[in-house]
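Note sheet for the following structure.
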Protein chains: 2
Amino acid sequence: MALSGRTVERLSVYRRLLVMQGQSGEESVYSHQLAEMVSGTAAQVRRDLMEVGVTGHSKRGYRVANLIEGISKVLDDPAGTRIVLVGAGDLGRAALGFIKGRNAALRIVGAFDNDPSKIGRVIHGYRCASIDELERVIAAEQVEVAIITTPAGVAQPVCDRLVAAGVRGIVNFAPTPLQVPEGVWVERVDIATALEKVTCLTRSV
Amino acid sequence: MALSGRTVERLSVYRRLLVMQGQSGEESVYSHQLAEMVSGTAAQVRRDLMEVGVTGHSKRGYRVANLIEGISKVLDDPAGTRIVLVGAGDLGRAALGFIKGRNAALRIVGAFDNDPSKIGRVIHGYRCASIDELERVIAAEQVEVAIITTPAGVAQPVCDRLVAAGVRGIVNFAPTPLQVPEGVWVERVDIATALEKVTCLTRSV
DNA sequence: TAGATTGTTAATCGATTAACAATC
DNA sequence: TAGATTGTTAATCGATTAACAATC
């Protein structure tokens with residue numbers, strides 16, 4: 001199928017909006033309505049939906065329930081995705097709060113830190129464990145995805161341990177690019193860059 | 001000059017790496033070294049640097065100090081950028097910690113919340129003020145950029161107030177796309193999407 | 001000099017948009 | 001039917017990469 005990263009991002013946003021919309025009672029949407037919500041074009045919405053294989057009706061548009069189901073079939077692993085988080089600082093806490101209860105297919109199975117004062121604490125319902133437990137939990141729970149919310153200085157060594165233990169996908173919040181071997185996917189969430197980009201581009205708009 | 005968003009993102013990362021590298025004593029870098037650090041190509045690095053106007057040496061590469069200065073001239077507003085943050089929850093706290101002391105050209109001039117229990121608290125050295133003060137501070141400090149770290153439900157009304165008060169650039173951490181008029185730049189930092197993207201693409205790599 | 005690197009243009013690649021027949 | 005919308009292909013656009021003369 002080979003969905004592009006851009007398409008996957010948009011699908012994720014469509015689904016989130018549709019889930020909200022579903023609660024408001026509307027049963028169907030037109031491509032131009034979805035486009036308006038994401039400030040995109042109707043053509044792109046239809047193209048994205050074509051790629052996931054959901055189909056609409058030439059007069060009534062797309063059924064919301066259909067869309068959510070079709071997008072979820074593409075985005076979610078039916079077996080669920082087990083996730084660990086490393087770095088229980090402000091950012092880690094924020095990430096945990098953000099994920100909690102948002103998507104049933106994403107399951108946090110461990111949060112780790114090397115700070116003894118954090119180990120044992122419960123954050124958003126997840127108990128923080130010692131980083132020494134990392135490899136054991138990854139193996140035991142067959143963890144495939146990890147979130148790095150450590151300081152920049154330890155992000156690479158943490159990444160190396162995660163990859164060695166079998167993690168195949170990483171969301172990196174640390175302000176450092178990570179070096180990973182072929183076959184590991186890294187998604188960067190770069191807060192510092194986002195801010196600098198806005199300040200720069202705001203002046204040229 | 002019209003730098004593309006992608007180029008600006010990479011410049012921000014180059015600079016951050018170079019600032020670290022500068023501390024390690026190296027005085028110059030080759031394009032292929034920078035490329036390796038960001039997992040990119042040397043051709044793209046040279047192209048990006050060409051666009052900012054810094055120039056290298058055909059044998060010695062680029063001087064680190066030159067690069068940092070040249071990139072900063074493009075990314076930073078010489079007058080400094082004044083920034084407000086709205087939403088002093090976990091995510092707001094993390095963002096404040098992240099920005100603090102990282103870039104002297106970016107200055108947080110206010111953090112706001114509507115929760116009385118948060119107002120007056122000091123977070124990473126910034127005192128949280130009532131959201132009622134928002135417009136006054138934006139006008140008084142000539143704020144151009146804002147960070148939204150509120151829950152999804154209030155992100156749009158907060159955005160509307162910011163824009164009405166004169167903000168031209170927004171970093172949006174809330175999981176909702178924002179509707180803004182022409183001339184306002186929104187940069188989305190979408191944690192939920194990043195996670196879903198990784199879980200989806202990890203399975204197809 | 002020979003060899004490596006820069007600066008820049010041309011070629012390639014991929015993603016978005018436009019267009020339109022088919023459908024209801 | 002007339003009008004609006006979908007599904008999909010072709011055209012356009014922009015960004016990345018390749019190539020190479022110029023430089024040291």
Side-chain angles (χ1 to χ4, degrees), chain A residues 1-14 18 26-67 69-71 74 177 185 188 193 197 200-201 204-205, chain B residues 1-14 18 26-67 69-71 74 177 185 188 193 197 200-201 204-205:
Chain A
M1 193 166 271
L3 254 39
S4 82
R6 292 287 182 84
T7 302
V8 170
E9 286 179 17
R10 287 190 298 264
L11 289 173
S12 163
V13 175
Y14 298 155
L18 289 166
E26 285 297 333
E27 289 203 346
S28 52
V29 277
Y30 297 119
S31 56
H32 64 85
Q33 293 178 307
L34 257 178
E36 198 189 356
M37 293 189 235
V38 300
S39 305
T41 66
Q44 181 158 80
V45 170
R46 290 202 301 277
R47 213 175 196 301
D48 290 336
L49 297 181
M50 185 188 77
E51 292 204 60
V52 315
V54 291
T55 161
H57 183 285
S58 71
K59 192 65 187 159
R60 275 167 278 148
Y62 300 85
R63 288 215 38 190
V64 171
N66 262 359
L67 289 180
E69 190 197 340
I71 294 174
V74 170
W185 181 280
R188 211 160 44 87
T193 289
K197 188 176 169 192
C200 175
L201 293 176
S204 61
V205 168
Chain B
M1 190 165 274
L3 254 38
S4 82
R6 292 286 181 86
T7 302
V8 170
E9 286 178 16
R10 285 189 298 264
L11 290 172
S12 162
V13 175
Y14 298 155
L18 289 165
E26 286 297 333
E27 288 203 346
S28 51
V29 276
Y30 297 120
S31 57
H32 63 84
Q33 293 178 308
L34 258 177
E36 199 189 354
M37 292 189 237
V38 300
S39 305
T41 68
Q44 181 159 81
V45 170
R46 291 203 300 279
R47 212 177 198 301
D48 289 337
L49 297 180
M50 187 189 77
E51 293 204 60
V52 316
V54 291
T55 160
H57 183 284
S58 70
K59 192 67 186 155
R60 275 168 278 148
Y62 301 86
R63 289 215 37 189
V64 172
N66 262 359
L67 289 180
E69 191 198 340
I71 294 174
V74 171
W185 182 279
R188 212 157 45 87
T193 289
K197 189 177 168 190
C200 175
L201 294 178
S204 61
V205 167

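Just so it is clear: chains get the letters A, B, ... in the order the sequence lines come, proteins before strands, and each one is counted from 1.
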Base C:dT23 paired with A:Ser58 side chain (donor-acceptor, <3.5 Å) |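 Donor-acceptor pair under 3.5 Å: yes.
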
Measure distances between side-chain N and O atoms of A:Arg47 and base N and O atoms of C:dT17, and say whether any donor-acceptor pair falls under 3.5 Å.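 By the distance-only test, yes, there is a pair.
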
Check this for me: B:Glu36, atom CD, are more than 12 non-hydrogen atoms of other residues, nucleotides or ligands nearer than 6.0 Å?
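Atom CD in B:Glu36 is not packed in, count stays at 12 or less.
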
Under 4.0 angstrom between [X] side-chain N/O and [N] OP1 or OP2:
| X | N | value |
| --- | --- | --- |
| A:Tyr62 | D:dG7 | yes |
| B:Ser31 | C:dT5 | no |
| B:Thr7 | D:dA15 | no |
| A:His57 | D:dT5 | no |
| B:Arg46 | D:dT17 | no |

Kindly indicate, with the supporting measurements, whether the criterion side-chain contact (heavy atoms from CB on, under 4.5 Å) is fulfilled by A:Tyr14 and A:Leu67.
CA-CA 9 Å; A:Tyr14 298 155; A:Leu67 289 180; over 6 Å; no

Between atom [atom1] in [X] and atom [atom2] in [N], what is the gap in whole Å?
| X | N | atom1 | atom2 | answer |
| --- | --- | --- | --- | --- |
| B:Arg10 | D:dT17 | CZ | C1' | 12 Å |
| B:Leu3 | D:dT16 | CG | C1' | 15 Å |
| B:Gln44 | C:dT12 | CD | C1' | 14 Å |
| B:Met50 | D:dT17 | CE | C1' | 13 Å |
| B:Arg60 | D:dT23 | CZ | P | 16 Å |
| B:Asn66 | C:dT6 | CG | P | 14 Å |
| A:Glu9 | C:dT16 | CD | C1' | 15 Å |
| A:Leu67 | D:dT5 | CG | C1' | 14 Å |

Pairing partner (Watson-Crick or G-U wobble, both distances under 3.5 angstrom) of D:dC13 =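 By the stated definition (distances under 3.5 Å), C:dG14 pairs with D:dC13.
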
With a 3.5 Å limit on both atom pairs, tell me what C:dC20 is paired to, counting Watson-Crick and G-U wobble, or say none.
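Pair assignment: C:dC20 / D:dG7.
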
(request) Give a yes or no on whether the backbone of A:Tyr30 and the side-chain of A:Gln33 come within a donor-acceptor separation of less than 3.5 Å. (result)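 At least one qualifying donor-acceptor pair exists.
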
Go through D:dC24, D:dG7, D:dT5 for me and flag the one nearest to the A:Tyr30 side chain.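 Out of D:dC24, D:dG7, D:dT5, the nucleotide with an atom closest to A:Tyr30's side chain is D:dT5.
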
* From D:dA4, C:dG3, D:dA15, pick the nucleotide closest to the side chain of B:Lys59? ->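 Within the option list, the nearest is C:dG3.
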
Requested in this report: Return the minimal non-hydrogen interatomic distance between A:Thr55 and A:Asn66, and the atom names on each side.
Outcome: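 Nearest heavy atoms, A:Thr55 then A:Asn66: O-ND2, 4.5 Å.
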
Minimum heavy-atom separation for A:Pro177 to B:Val13, with atom names?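 Minimum heavy-atom contact is CG-CG1, 3.8 Å.
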
